[in-house]
Amino acid sequence: AQSVTQLDSHVSVSEGTPVLLRCNYSSSYSPSLFWYVQHPNKGLQLLLKYTSAATLVKGINGFEAEFKKSETSFHLTKPSAHMSDAAEYFCVVVLNTGGFKTIFGAGTRLFVKA
Amino acid sequence: EAQVTQNPRYLITVTGKKLTVTCSQNMNHEYMSWYRQDPGLGLRQIYYSMNVEVTDKGDVPEGYKVSRKEKRNFPLILESPSPNQTSLYFCASSPRQNYGYTFGSGTRLTVV
């Protein structure tokens, strides 16, 4: 069965310190992987995506993620957190089965302390 | 401006009263999809469409219908809403399967 697990429901960091949001996936097919961000009372915005090219993917706002097939992971990182990064982050798998089946993780809420 | 437009943004209705949430995109995208968001569950796919007249079920299709008669529109229909369909709904579109979505602003539905 296909699934996405975000290992932390909440992460709290201080402004200026690194951010790590963890995501593991399970898929019988070669997946495409995405990270989205949702600010309070807003829609979702694409941060970055992996679609079988470079395993280290750079996104917007200084975020990046590394696809590790052996660990079935796609963790999101940022070297230095900013107050504006406080939001909910979703790891997403799109199954390359000819359809458009999409699986979201449950989300990780990022808190940034001043 | 390229966007996905959902209407209404907020809706309170009563059990059993049919309703439609509209979704329209102006980017000529082939793929469109509906999701519901519930606390602690992330977003779950209800239905998706890969082109006009081509739709398929996601993970939670029960109680919902969709249609794709035109490329730009993908309405979500609740024939007989129930309180367990109270949720935040998002429509999204994409030009191709692995491109990433553009999301609408959401529709908060309450069924009493």
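In this text the structure is predicted, and so the values were computed from the model without any measurement. Numbered from 1 within each chain, the chains take letters A, B, ... in sequence-line order.
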Contact origin within [X] toward chain A - heavy atom pairs under 4.5 Å:
X: B:Ser94; value: side chain
X: B:Leu41; value: backbone
X: B:Asp56; value: neither

For [X], is it the side chain, the backbone, both or neither that has a heavy atom under 4.5 Å from a heavy atom of chain B?
X: A:Lys42; value: backbone
X: A:Tyr50; value: neither
X: A:Thr102; value: both
X: A:Gln45; value: neither

| What closest approach, in Å, do B:Pro81 and B:Gln85 show between heavy atoms, and which atom pair accounts for it? |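 Looks like CA-OE1, 3.1 Å.
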- Considering all heavy atoms, the nearest B:Val111-B:Val14 contact: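 What the structure gives for the nearest pair is CG1-C, 4.1 Å.
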**Request:** Side-chain contact test, heavy atoms from C-beta onward, threshold under 4.5 Å: evaluate it for B:Lys57 versus B:Tyr47 and give yes or no.
**Result:**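 Contact flag for B:Lys57/B:Tyr47 side chains = yes.
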Requested in this report: Look only at the side chain of B:Glu70 and the backbone of B:Arg72, and say whether a donor-acceptor pair between them is shorter than 3.5 Å.
Outcome: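 It does not hold such a pair.
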Query - Between B:Tyr101, B:Tyr35, B:Tyr99, B:Phe90, the one whose heavy-atom pairs under 4.5 Å with chain A are most numerous - result: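 Answer, by heavy-atom pair count under 4.5 Å with chain A: B:Tyr101.
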Within 45° of the ring axis of A:Phe63 and under 6.0 Å from its six-membered ring centre, is that where the NZ or CZ of A:Lys78 lies?
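That pair qualifies as a cation-pi contact.
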Between B:Ser87 and B:Asp38, is the side chain to side chain donor-acceptor pair (under 3.5 Å) condition met? List the steps.
CA-CA 6 Å; B:Ser87 188; B:Asp38 301 290; 2.8 Å; yes
